[in-house]
There are 4 protein chains.
Amino acid sequence: MGAVKTKRMPRAVREQQMLDAAVRIFGRRGYMAASMDEIAELAGVSKPLVYLYLNSKESLFTACIRREAEALVEAVRAGVRRELPADRQLWEGLDAFFTHTSRNPDGWAVLHLQARTHGEPFAAVVTAMREEIVVFVTQLIVDAAREAHRDPHLPGREVAGLAEALVGAAESLAAWANATPGTTARQAAATLMNFAWAGLGDLMDGRPWSPPEPDQDAQDRGQTGGSAETSPTR
Amino acid sequence: MGAVKTKRMPRAVREQQMLDAAVRIFGRRGYMAASMDEIAELAGVSKPLVYLYLNSKESLFTACIRREAEALVEAVRAGVRRELPADRQLWEGLDAFFTHTSRNPDGWAVLHLQARTHGEPFAAVVTAMREEIVVFVTQLIVDAAREAHRDPHLPGREVAGLAEALVGAAESLAAWANATPGTTARQAAATLMNFAWAGLGDLMDGRPWSPPEPDQDAQDRGQTGGSAETSPTR
Amino acid sequence: MGAVKTKRMPRAVREQQMLDAAVRIFGRRGYMAASMDEIAELAGVSKPLVYLYLNSKESLFTACIRREAEALVEAVRAGVRRELPADRQLWEGLDAFFTHTSRNPDGWAVLHLQARTHGEPFAAVVTAMREEIVVFVTQLIVDAAREAHRDPHLPGREVAGLAEALVGAAESLAAWANATPGTTARQAAATLMNFAWAGLGDLMDGRPWSPPEPDQDAQDRGQTGGSAETSPTR
Amino acid sequence: MGAVKTKRMPRAVREQQMLDAAVRIFGRRGYMAASMDEIAELAGVSKPLVYLYLNSKESLFTACIRREAEALVEAVRAGVRRELPADRQLWEGLDAFFTHTSRNPDGWAVLHLQARTHGEPFAAVVTAMREEIVVFVTQLIVDAAREAHRDPHLPGREVAGLAEALVGAAESLAAWANATPGTTARQAAATLMNFAWAGLGDLMDGRPWSPPEPDQDAQDRGQTGGSAETSPTR
DNA sequence: TATGAATGAGAATTCATTCAT
DNA sequence: TATGAATGAATTCTCATTCAT
């Protein structure tokens with residue numbers, strides 16, 4: 001099991017192997033239940049080497065969190081075209097988010113489940129990343145109001161709460177989509193977009209938010225999109 | 001800080017003391033980091049007694065999860081009057097949920113953070129409880145559609161996703177409300193209700209969902225309600 | 001090897017067994033080279049029990065040092081009759097000191113070799129004990145001067161240096177006596193007493209200090225004394 | 001702090017750098033607590049080079065002990081003019097000894113504290129050196145007796161004990177002088193010389209041994225001598 | 001009902017030491 | 001002459017769990 005034992009490789013490479021193994025073990029077993037022995041074995045190296053490069057279990061865990069947080073933020077950032085209208089940006093962000101988390105479930109487990117469960121030092125990194133995303137979403141909500149030429153009657157705290165709810169719903173859906181076979185990132189994004197933008201009330205009235213044309217959009221980004229399930233234009 | 005050392009009390013009482021202590025420790029330290037020593041000390045009994053009554057750490061943890069899950073479901077159930085319209089039922093359920101979690105943060109931490117992070121046996125209990133709630137919410141959505149005499153054009157999976165998103169948002173807001181000083185359960189419920197029912201689109205258009213009259217409602221349930229921040233009738 | 005495995009004994013007894021074992025191992029191997037495993041085995045208990053009672057290697061070592069230091073000081077104190085003239089007191093103190101160290105070589109090694117070699121926290125305990133003894137000796141020197149009705153022309157620092165030298169010589173002779181077969185505590189005490197009181201110069205002139213009558217003295221204290229080798233009355 | 005990193009230097013030089021570093025680390029941390037990593041870093045070389053030149057930790061430690069022992073014996077030997085009377089020789093030896101140990105505290109710590117605390121192989125080297133010095137001192141005592149034209153009534157073992165006590169007192173005073181600010185090597189030597197030669201009894205009677213004239217003596221040896229504190233000529 | 005005494009099993013971490021270049 | 005990469009073997013310490021009373 002674990003990586004093939006290739007001897008004598010440069011430090012940078014070994015470090016990534018170790019982080020790969022650590023993310024996998026931490027994500028599945030949890031921080032405390034993960035043992036350095038298991039991580040080292042999965043990485044195909046001896047324990048002392050793990051300590052030599054990553055210093056301690058805490059520091060290894062932190063390195064995992066940091067790497068995964070940066071990768072996630074980067075994935076979302078790269079998936080959003082800032083010149084589009086706010087709702088389209090939100091859609092793209094959600095799509096990128098669900099895509100990344102579904103492709104990288106262990107990393108997502110580290111961020112979403114493990115990091116938050118083991119005290120300030122670790123949680124802080126995730127909190128910072130989450131804050132970045134919440135701020136981004138908050139801005140999108142404000143932009144959307146401006147684009148609608150409306151005074152949204154929304155005080156600051158209210159907007160914060162909405163952004164928080166949206167991000168929370170996304171996080172939760174990510175786990176659900178991963179656990180529900182046959183659910184694509186695109187479908188999860190569409191569901192949430194509808195929920196967030198149109199609301200249950202409008203959905204009851206048959207007025208969902210309209211996701212972009214899947215085919216055309218896929219061509220734009222080079223992705224193979226399944227069609228969102230609820231898509232009549234409002 | 002532990003319970004006052006009273007010797008020789010009936011088993012049922014001792015067990016509750018132990019569970020109280022265990023929930024507190026598990027909620028704060030996490031499952032793995034919690035030690036049976038600390039739990040026994042906080043419960044004011046010797047370790048062998050904990051084992052005599054609760055058998056093992058796993059079994060103790062399971063008992064905690066079960067107790068807290070039942071308490072939460074019961075709190076929500078008791079808070080909802082099933083004869084009201086769907087949106088009012090949802091509102092009452094959210095209110096009851098946020099109230100319970102804010103009053104019982106350690107129990108909530110056990111359910112939301114710890115139980116899900118330590119493998120199937122534990123997660124299963126929470127999943128079952130969550131499923132109960134998701135089913136309830138799903139039913140509410142279907143009811144709402146029926147009440148609106150509409151065919152909502154929503155396939156089953158889509159409704160499941162919406163309920164999932166709603167519950168996820170609620171869970172996330174619970175943590176946020178607990179962590180944000182000055183945020184009441186009622187405000188959290190109002191924010192989420194708006195978000196869920198009206199959606200961002202409608203909120204942009206100045207058409208939020210209308211929460212019930214706080215004063216009258218408070219009289220109904222015996223609570224002192226702060227007024228929801230976004231409340232013009234639609 | 002190690003103590004006979006007698007199960008289930010009261011804590012206080014087990015603790016002494018552990019300290020006995022620890023003193024022996026620390027004294028022979030040194031602090032760092034001693035392993036908790038070895039100590040536990042020699043004590044006839046499991047390692048966790050050692051930790052349960054003594055908390056850590058450091059704390060165990062400290063407990064050893066403290067116990068041995070107190071035992072040594074007590075032995076010297078009990079061996080000296082304070083109503084005698086200064087030189088007799090010094091003699092009795094030296095005799096008690098060499099007797100104790102020769103009967104308890106591991107304890108002496110802990111104090112003299114190990115404790116001083118492993119940093120402030122440990123050395124401090126020994127330093128305090130040594131200071132107590134140096135103060136006692138200093139007082140004896142001053143008393144001796146007073147008894148001789150002399151102004152000894154000795155400034156404070158000089159007396160301190162003399163006491164220090166005397167104690168140092170004693171410490172060194174203790175190791176030598178232990179390592180040189182056939183050397184009794186009484187002989188060591190006599191040699192040092194001569195050296196200290198008469199000085200090499202007087203010894204050259206055939207004027208040594210006179211130790212007390214061995215037989216009579218032994219009767220006083222219940223000890224079987226070998227006769228000191230250099231004993232003509234001055 | 002380590003040596004400046006100069007690449008490619010002759011083996012002999014590198015070896016001395018390593019020994020310098022090792023003496024410092026061993027002297028401060030102790031044998032077991034010293035790590036080869038730290039020593040290599042302080043020496044400014046890689047660990048494998050240390051092994052290439054010095055073979056092992058044990059062998060490195062032995063090399064340190066040997067070097068420091070030789071340096072100390074050589075310093076004492078060079079400080080004593082063998083043509084002087086015995087007491088003057090003793091005085092010069094003590095002065096040289098205290099001077100060397102105070103200038104080289106890490107080396108002295110290695111010899112006095114570390115080497116004796118870590119088993120026969122190491123202690124043996126120091127014991128041999130010490131023996132050399134004890135023999136020298138023993139000879140001085142015998143010489144002194146001969147010079148006094150006296151039969152000192154001192155059997156061999158007694159003389160050995162006296163020499164042992166004298167050397168032990170010197171070792172102890174060296175640590176004391178190093179730890180007591182403002183105490184010079186010369187003062188320490190004077191104190192001990194008085195103690196050893198005159199003895200407490202004579203000191204009480206106001207008849208100390210007379211140290212040589214500091215100024216004249218300093219001219220002899222090229223040292224700036226502080227005056228000894230107790231110096232009336234006998 | 002209740003507990004003081006005790007341990008097997010495993011956790012993180014460190015170190016002296018070597019290999020391949 | 002010199003080193004980056006790598007490890008086997010301990011070491012300290014903790015924990016869930018049980019026994020005997």
Side-chain angles (χ1 to χ4, degrees), chain A residues 5-11 13-15 32-40 44-60, chain B residues 5 7-11 13-14 32-40 44-60, chain C residues 5-11 13-15 32-40 44-60, chain D residues 5 7-11 13-14 32-40 44-60:
Chain A
K5 246 188 191 172
T6 319
K7 296 258 174 163
R8 305 266 153 184
M9 33 209 315
R11 172 168 183 155
V13 178
R14 271 279 192 257
E15 273 188 11
M32 302 272 347
S35 94
M36 297 297 274
D37 264 305
E38 203 179 0
I39 291 172
V45 297
S46 70
K47 234 186 322 170
L49 200 58
V50 178
Y51 278 89
L52 187 60
Y53 287 173
L54 276 317
N55 302 314
S56 72
K57 194 183 187 184
E58 278 202 18
S59 145
L60 171 58
Chain B
K5 250 188 191 170
K7 299 255 169 159
R8 304 264 157 186
M9 39 207 319
R11 173 162 183 159
V13 178
R14 273 279 194 254
M32 300 285 323
S35 92
M36 296 297 275
D37 265 302
E38 203 178 359
I39 291 171
V45 298
S46 71
K47 243 187 315 173
L49 197 59
V50 178
Y51 278 88
L52 186 61
Y53 285 176
L54 275 319
N55 302 311
S56 74
K57 193 185 189 185
E58 285 204 1
S59 145
L60 170 59
Chain C
K5 248 191 190 171
T6 318
K7 295 260 173 160
R8 305 263 153 187
M9 32 211 316
R11 173 166 182 158
V13 178
R14 272 280 191 256
E15 274 188 9
M32 301 275 341
S35 95
M36 295 299 273
D37 265 306
E38 204 180 359
I39 291 171
V45 297
S46 70
K47 234 189 320 169
L49 199 58
V50 178
Y51 278 90
L52 187 61
Y53 288 173
L54 277 318
N55 301 313
S56 72
K57 195 184 187 184
E58 279 202 18
S59 145
L60 171 59
Chain D
K5 250 190 189 168
K7 299 258 169 160
R8 305 264 154 186
M9 39 207 320
R11 171 160 184 159
V13 179
R14 272 279 193 255
M32 300 285 320
S35 92
M36 296 298 274
D37 265 300
E38 202 179 0
I39 291 171
V45 298
S46 71
K47 241 186 317 173
L49 198 59
V50 178
Y51 277 88
L52 187 61
Y53 286 175
L54 276 315
N55 303 312
S56 73
K57 193 184 187 183
E58 285 204 1
S59 142
L60 171 57

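Convention: sequence-line order gives letters A, B, ...; per-chain numbering from 1. Quick caveat: nothing in here was measured; it's all calculated off a predicted structure.
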Just by protein heavy atoms under 4.0 Å, how would nucleotides 10-17 of chain F read 5' to 3' in B, S and -? --BBBBSB
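Distance check, rounded to the nearest 0.5 Å: CE of C:Met36 to NZ of C:Lys57 gives 7.5 Å. Taking OH of C:Tyr51 as the reference point, atom OG of C:Ser59 lies at 10.0 Å (rounded to 0.5 Å).
Judged by Watson-Crick or G-U wobble contacts below 3.5 Å, the nucleotide E:dA20 has F:dT3 as its partner. As the counterpart of F:dT11, E:dA12 is assigned, both hydrogen-bonding distances of the Watson-Crick or G-U wobble pattern falling under 3.5 Å.
Pairing each heavy atom of C:Ala40 with each of C:Ser46, the nearest pair is CB-C, 4.0 Å.
The phosphate of F:dA2 has OP1 or OP2 within less than 4.0 Å of a side-chain N or O from D:Arg14.
Looking at heavy-atom distances under 4.0 Å, A:Arg11 makes contact with sugar-phosphate atoms alone, never a base.
One atom, OH of A:Tyr53, and another, P of E:dT14, lie 17 Å apart when rounded to the nearest Å. Between A:Leu52 atom CG and E:dA16 atom P the separation is 14 Å, expressed in whole Å. Rounded to whole Å, atom C1' of E:dT21 lies 15 Å from atom CG of D:Leu49.
The base of E:dA5 lies close enough to the side chain of C:Arg8 for a donor and an acceptor atom to sit less than 3.5 Å apart.
When C:Arg14, C:Arg11, C:Glu15 are each tested for a side chain to side chain contact (heavy atoms under 4.5 Å, CB included) with C:Leu49, only one passes: C:Arg14.
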